[in-house]
Protein chains: 2
Amino acid sequence: MKLDSEHLEILAMIVEKGGLTEGAEALGKSQPSVSRTMALLEDRIGAALFEPGKRPLRPTELGESLARIGARIHALNLEASRMVQSFRKGHTGRLRIAGTPIFMDGVVSNFIADFQTRQPDVQIEQSYGYLDQLSGQLRNGALDMAIVPLHPSSAPTDMSFVPLLPGRNVIACRAGHPLMRKATITLADIEPYPWIAPPPDSPLYRDLQRALKSIGKEDFRVSFSGGTLASIISVLARSDSLTVLPYSVVFLSRKTAGLDALRIRIAHPDRHLGMLTFDGGTPPPSLRLFAGFLKDEFQLLEARIQHESQVTKRRG
Amino acid sequence: MKLDSEHLEILAMIVEKGGLTEGAEALGKSQPSVSRTMALLEDRIGAALFEPGKRPLRPTELGESLARIGARIHALNLEASRMVQSFRKGHTGRLRIAGTPIFMDGVVSNFIADFQTRQPDVQIEQSYGYLDQLSGQLRNGALDMAIVPLHPSSAPTDMSFVPLLPGRNVIACRAGHPLMRKATITLADIEPYPWIAPPPDSPLYRDLQRALKSIGKEDFRVSFSGGTLASIISVLARSDSLTVLPYSVVFLSRKTAGLDALRIRIAHPDRHLGMLTFDGGTPPPSLRLFAGFLKDEFQLLEARIQHESQVTKRRG
DNA sequence: GGTCTAATATTGCTTTACGTTATGAAGCTG
DNA sequence: CAGCTTCATAACGTAAAGCAATATTAGACC
């Protein structure tokens with residue numbers, strides 16, 4: 001015998017309110033409706049739920065016990081409703097975000113942290129990868145959003161790309177690096193210092209090659225490679241190595257990690273860092289929230305970067 | 001928005017079984033039925049519960065969360081079903097039993113204890129009273145059973161009376177009482193000892209009067225009155241007082257309380273101790289269980305009493 | 001003890017949801 | 001890509017829930 005949870009909830013409400021009429025009112029149903037529902041329930045369980053012939057309907061022992069269970073079921077049902085509401089608004093859920101390692105570690109993770117202080121019930125699963133791999137994962141639904149550097153026009157046709165920040169790389173070094181004392185830096189000045197290289201298959205590695213070529217440097221000595229941002233920062237800070245990093249990364253880790261950027265202009269990659277999402281399928285509601293948040297935060301970041309560079313220019 | 005608990009339970013089962021078809025089977029429903037139910041649920045909450053286009057139907061994040069709640073609801077529902085079953089079989093519930101004080105304390109409470117070791121989920125509310133009061137309580141549903149001494153033919157017409165034990169009173173004293181050493185006891189032997197009297201409105205008090213009259217004793221000195229059985233036993237044990245008690249009470253407390261019965265025959269009251277229940281209304285199922293148990297136990301008790309009296313007779 | 005009032009039950013009818021079987025569409029596997 | 005399995009859809013009968021209107025009855029109040 002399976003009894004209807006809804007009936008138990010109604011029973012609970014009647015018992016709580018102390019009468020059928022009041023219970024019906026609280027439930028937003030008509031009095032005859034709940035009356036018949038209770039009669040049906042009593043028929044099914046084959047026992048009285050209310051003392052017979054009592055006018056302010058009083059539950060029997062069994063009725064009271066079942067009402068307690070009904071109340072617990074009602075609470076769970078409410079919890080489910082709230083969960084759905086929260087999910088629909090994007091305040092609850094799981095987001096699977098991936099992107100290029102340096103950007104994720106150096107920039108995006110900071111914003112994820114800020115986002116989660118506002119939306120603590122949105123669980124974020126971060127992973128790393130480059131465009132080809134990530135767009136595949138977006139298509140088969142293994143990923144909700146990729147954050148990649150991309151020329152807007154070269155985004156896959158079945159995806160949406162929202163730019164966040166123009167690509168701009170710099171040569172990074174530790175804060176007290178000897179080269180920082182020079183007003184202008186020549187190719188010869190750079191010559192003695194070893195380089196930290198990102199993974200050879202990364203866009204950043206190609207950026208490094210292109211950037212050095214743009215200032216006339218054809219070959220370079222790699223002293224360290226393969227590390228994620230944390231390692232790169234550690235090595236940079238404890239040596240006179242140089243590397244190419246997105247300026248946003250350097251900007252955000254300047255104070256905490258003791259990084260700085262050489263006063264030398266290198267070629268900008270013709271790309272934007274942006275958010276890539278798959279057009280097919282229904283994105284989780286929290287994705288909209290997160291995307292909006294990121295867009296705002298990156299706008300602020302760009303403004304801070306602009307402001308900083310103007311101040312620096314005036315001083316320099 | 002109120003969602004159907006039943007739907008959440010179905011969702012939980014699908015997720016647990018890893019597929020819609022298996023879930024439907026486990027629920028004893030057809031596959032199309034649960035399929036449509038899930039479609040309906042998805043419509044209502046306005047979000048996907050299952051990853052679209054996956055053949056062994058895989059729940060989304062939200063689907064999984066709701067399924068967890070559904071599983072808890074299902075557990076509660078099961079608990080309710082079991083409670084109903086248990087109640088119908090009489091293994092659960094509340095019984096309100098009342099009776100004359102001495103019998104309840106001296107005899108019935110022992111059997112209640114035994115009953116509850118078998119049926120620990122039957123809660124028993126004991127109270128005390130005499131016939132008039134108790135039959136009123138039976139009628140208005142404040143009591144499930146009264147255990148009273150009664151002549152079977154004088155039971156109220158709207159009630160059932162099941163005799164448990166023929167009324168048989170004895171003169172009780174402490175085990176080492178001086179009178180116990182006498183082979184035959186005369187009225188003069190009894191003369192010096194004070195009496196413990198039950199409450200004046202109790203049947204037992206009338207029994208006491210009648211019993212003493214039956215052996216020719218018209219007046220008696222009352223040294224203690226008004227106590228319940230525990231007090232009576234204490235006073236009896238620490239003095240040479242006498243009192244009239246049902247033999248069953250003396251029999252059961254002999255060893256533990258150091259009571260004994262004088263070897264003198266007094267008038268039997270023309271009554272039986274028995275169970276009185278109201279015919280109107282539906283008794284709780286556990287009442288049948290309890291009544292059956294009491295009947296058996298009292299039969300055993302009577303057999304033990306018979307056996308004992310035969311042994312005593314042979315010895316004496 | 002009769003009468004009034006408010007609480008509950010009953011009746012009649014409509015709508016919704018659930019159940020079934022039969023059948024179509026679409027992943028997954030080899 | 002054939003074949004199997006899994007899920008979705010269609011069509012239809014039944015059970016139940018909804019409502020309004022109305023009958024019944026327990027408690028309360030003279």
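Residue numbers begin at 1 in each chain, while the letters A, B, ... track the order of the sequences.
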field: N-O pairing of A:Lys2 and B:Glu6 below 4.0 Å
entry: yes

message: Quick test of your reading of the model: are A:Glu22 and A:Lys17 salt-bridged, counting only N-O distances below 4.0 Å?
response: no

- request: Hey, which sits more toward the 5' end of DNA chain D by its nearest nucleotide, B:Met38 or A:Ile10?
  value: B:Met38

query: Do B:Glu9 and A:Ser5 pass the side-chain hydrogen bond (donor to acceptor under 3.5 Å, both in side chains) test, and can you show the C-alpha distance, the side-chain angles, and the key distance before you say yes or no?
result: CA-CA 10 Å; B:Glu9 292 183 52; A:Ser5 297; 3.0 Å; yes

- prompt: Which nucleotide span of DNA chain C, 5' end to 3' end, has atoms closer than 4.0 Å to non-hydrogen atoms of chain A?
  reply: C:dA7 to C:dT10

- request: Return the residues of residues 64-72 of chain A meeting this criterion: a heavy atom under 4.0 Å from some atom of DNA chain C. Order them by number, or give none.
  value: none

Any donor-acceptor N/O pair, A:Thr92 side chain to A:Met83 backbone, under 3.5 Å: no

message: Quick one: does any side-chain atom of A:Arg139 pair with a main-chain N or O of A:Phe278 as donor and acceptor, under 3.5 Å?
response: no

field: Rounded interatomic separation in angstrom, taking CG from B:Leu41 and P from D:dA8
entry: 13 Å

Taking atom [atom1] of [X] and atom [atom2] of [Y], what is their separation to the nearest 0.5 Å?
X        : Y        : atom1 : atom2 : answer
A:Ile147 : A:Tyr128 : CD1   : OH    : 11.5 Å
A:Leu49  : A:Leu66  : CG    : CG    : 6.0 Å
B:Thr277 : B:Asp144 : OG1   : CG    : 10.0 Å
B:Leu294 : B:Ile112 : CG    : CD1   : 7.5 Å

Give me, pair by pair, the N or O atoms of the protein and of nucleotides 10-16 of chain D that are less than 3.5 Å apart, along with how far apart they are.
residue : atom : partner : partner atom : Å
D:dA16  : OP1  : A:Arg44 : NH2          : 2.7

- prompt: At their closest point, which heavy atom of A:Ala155 faces which heavy atom of A:Phe161, and how far apart are they?
  reply: CB-CB, 3.8 Å

- prompt: Between A:Ser286 and A:Gln119, is a side-chain hydrogen bond (donor to acceptor under 3.5 Å, both in side chains) present by the stated rule, with each step listed?
  reply: CA-CA 9 Å; A:Ser286 48; A:Gln119 305 292 347; over 6 Å; no

field: side chain to side chain contact (heavy atoms under 4.5 Å, CB included) involving A:Pro285 - partner list, sequence neighbours excluded
entry: A:Phe87

- request: Would you indicate whether the side-chain heavy atoms of B:Leu3 and A:Asn77 approach each other to under 4.5 Å?
  value: yes

- line: Rounded to 10°, the helix from C:dG1-D:dC30 to C:dG30-D:dC1 deviates from straight, judged by its five-pair end axes, by 50°

Listing time: all N or O pairs from protein to nucleotides 5-7 of chain D that are below 3.5 Å?
residue : atom : partner : partner atom : Å
D:dT6   : O3'  : B:Arg55 : O            : 3.1
D:dT6   : O2   : B:Arg55 : NH1          : 2.6
D:dC7   : OP1  : B:Leu20 : N            : 3.2
D:dC7   : OP1  : B:Arg55 : O            : 3.3
D:dC7   : OP1  : B:Leu57 : N            : 3.2
D:dC7   : OP2  : B:Leu20 : N            : 3.3
D:dC7   : OP2  : B:Thr21 : N            : 2.8
D:dC7   : OP2  : B:Thr21 : OG1          : 2.6

- prompt: Are there more than 12 heavy atoms of other residues, nucleotides or ligands under 6.0 Å from atom CD of B:Glu25?
  reply: no

message: Quick check: B:Phe111 with B:Phe293 (ring centres under 6.0 Å apart)?
response: no

